Amino acid sequence: MLAVMIGPVLAGFAGYAYTAHKVREIERAYPNIGERIDVGGYALNSVHVQRSSGADLPPIVFIHGASGNLRDQMAAFRVPLEGRAEMLFVDRPGHGYSDRGGVENDYPDGQAEAIARLMEKRGIARAIIVGHSFGGAIAASFALYHPEKTLGLMLLAPATHPWPGGVDWYYRVASNRYAGWLFNHLVALPAGLSRLDAGTRFVFAPNARPQTYVAETGPALVLRPETFRSNATDVANLQAYVRQTQPYYREIEAPTVIITGDSDGVVLEEIHSRGLARDIKGSELLWIRNLGHKPDHVVTDVAVAAIEKIAGKDRDLQDLARRAEARLAGDAAR
């Protein structure tokens with residue numbers, strides 16, 4: 001009987017110790033490259049790329065998706081836009097090296113408010129807001145509740161509308177106050193590490209994941225217990241939030257471009273992207289065949305052109321989308 005009781009305790013202790021050890025390893029591999037700034041009793045982390053004298057674009061704020069951090073969008077956009085715009089890459093509340101803050105940050109509008117305060121601290125009055133995946137819900141909320149700060153929207157494979165079904169079971173478990181603590185400290189990290197390679201490839205599919213993606217973007221940061229709980233809470237709450245908020249998207253007046261693929265295995269592009277194109281008057285939808293969930297990394301040139309068009313430059317985005325399709329078709333054939 002004693003052995004039966006001790007066994008699970010020892011296994012739990014071993015799992016806890018393994019997680020603590022791996023957290024230290026992950027943070028050594030991916031240290032904070034940003035600056036933490038107080039936005040009202042808690043800190044948001046961000047990388048602020050200052051405007052250069054030759055800048056030809058307005059400020060741009062980048063909002064990463066679920067399971068991500070600021071390194072993801074920075075790996076895609078910093079180099080092609082360096083010197084052309086002031087850029088703010090943000091660790092969303094509870095992600096990367098940002099604090100979670102209060103319960104308001106369990107929802108996209110709370111996170112949008114936090115990012116608006118960070119912009120004020122950084123001296124950015126108005127910006128083009130770029131949101132990928134879950135970040136699309138935050139970007140749409142930002143435009144809805146902070147129109148005076150929104151010069152335009154670029155939404156990449158966004159998750160913004162109610163969808164059939166729910167979310168995977170582990171999001172519910174991990175976001176639970178009590179069961180979640182055990183799951184996040186004992187199970188999530190070792191299980192997540194075993195699936196990290198396959199999971200990141202799935203997010204890009206059917207496109208190839210760049211060889212340097214994992215090393216550059218630090219996706220393992222989400223496996224730290226508190227970050228995993230924040231991410232799970234975000235995802236678990238999204239369905240109810242967008243069901244309530246989606247009817248108000250029609251109030252968004254900012255110039256908007258939506259970039260999506262027809263082969264997205266993560267979100268239902270027919271629901272989210274077409275829904276946004278329907279709801280936001282005057283928005284432009286770029287529907288790209290053979291593109292998965294990562295237009296930010298796979299068709300970065302199209303995304304940069306979309307930013308340029310939002311900023312007032314003459315760009316034929318549909319033609320660029322067709323050119324991207326031809327390129328992706330060639331990649332698939334090879």
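It should be emphasised that the depicted structure is a prediction, and the values quoted were computed from it without experimental measurement.
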Would you mind reporting whether L70 and F62 have side-chain heavy atoms less than 4.5 Å apart?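 Not touching, per the 4.5 Å side-chain cut-off.
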So do L151 and I310 actually touch side chain to side chain, heavy atoms under 4.5 Å?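 They are not in side-chain contact.
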For F183, does the six-membered ring have the charged nitrogen or CZ of R172 within the cation-pi criterion, i.e. under 6.0 angstrom from the centroid and within 45° of the normal?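 No, a cation-pi geometry is absent between R172 and F183.
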List, one per line, each side-chain donor-acceptor pair under 3.5 Å for residues 137-148, sequence neighbours excluded.
residue	atom	partner	partner atom	Å
S141	OG	A137	O	3.0
S141	OG	Y241	OH	2.6
H146	NE2	E113	OE1	3.1

Hey, are [X] and [Y] close enough for a salt bridge, meaning a charged N less than 4.0 Å from a carboxylate O?
{"X": "R122", "Y": "E86", "answer": "no"}
{"X": "R323", "Y": "D301", "answer": "no"}
{"X": "R209", "Y": "D197", "answer": "yes"}
{"X": "E25", "Y": "K22", "answer": "yes"}
{"X": "K294", "Y": "D72", "answer": "yes"}

Look at the aromatic rings of F204 and H297 and report parallel, tilted or perpendicular, splitting at 30° and 60°.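 Rings of F204 and H297: perpendicular, over 60°.
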With sequence neighbours excluded, tell me which residues meet salt bridge (Lys or Arg N to Asp or Glu O under 4.0 Å) with E284.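 E284 satisfies salt bridge (Lys or Arg N to Asp or Glu O under 4.0 Å) with K309 once adjacent residues are dropped.
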Count the heavy atoms belonging to other residues, nucleotides or ligands that lie under 6.0 Å from CD of Q244, then report whether that count exceeds 12.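 No, because the 6.0 Å sphere around CD of Q244 holds 12 heavy atoms or fewer from other groups.
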Within a reach of under 6.0 Å around CD of E104, are more than 12 heavy atoms found that belong to other residues, nucleotides or ligands?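 Counting neighbours around CD of E104, more than 12 heavy atoms of other residues, nucleotides or ligands fall under 6.0 Å, so yes.
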Give, for atom CZ of R289 and atom OG of S263, the distance between the pair rounded to the nearest 0.5 Å.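 The OG atom of S263 is 10.0 Å from CZ of R289, to the nearest 0.5 Å.
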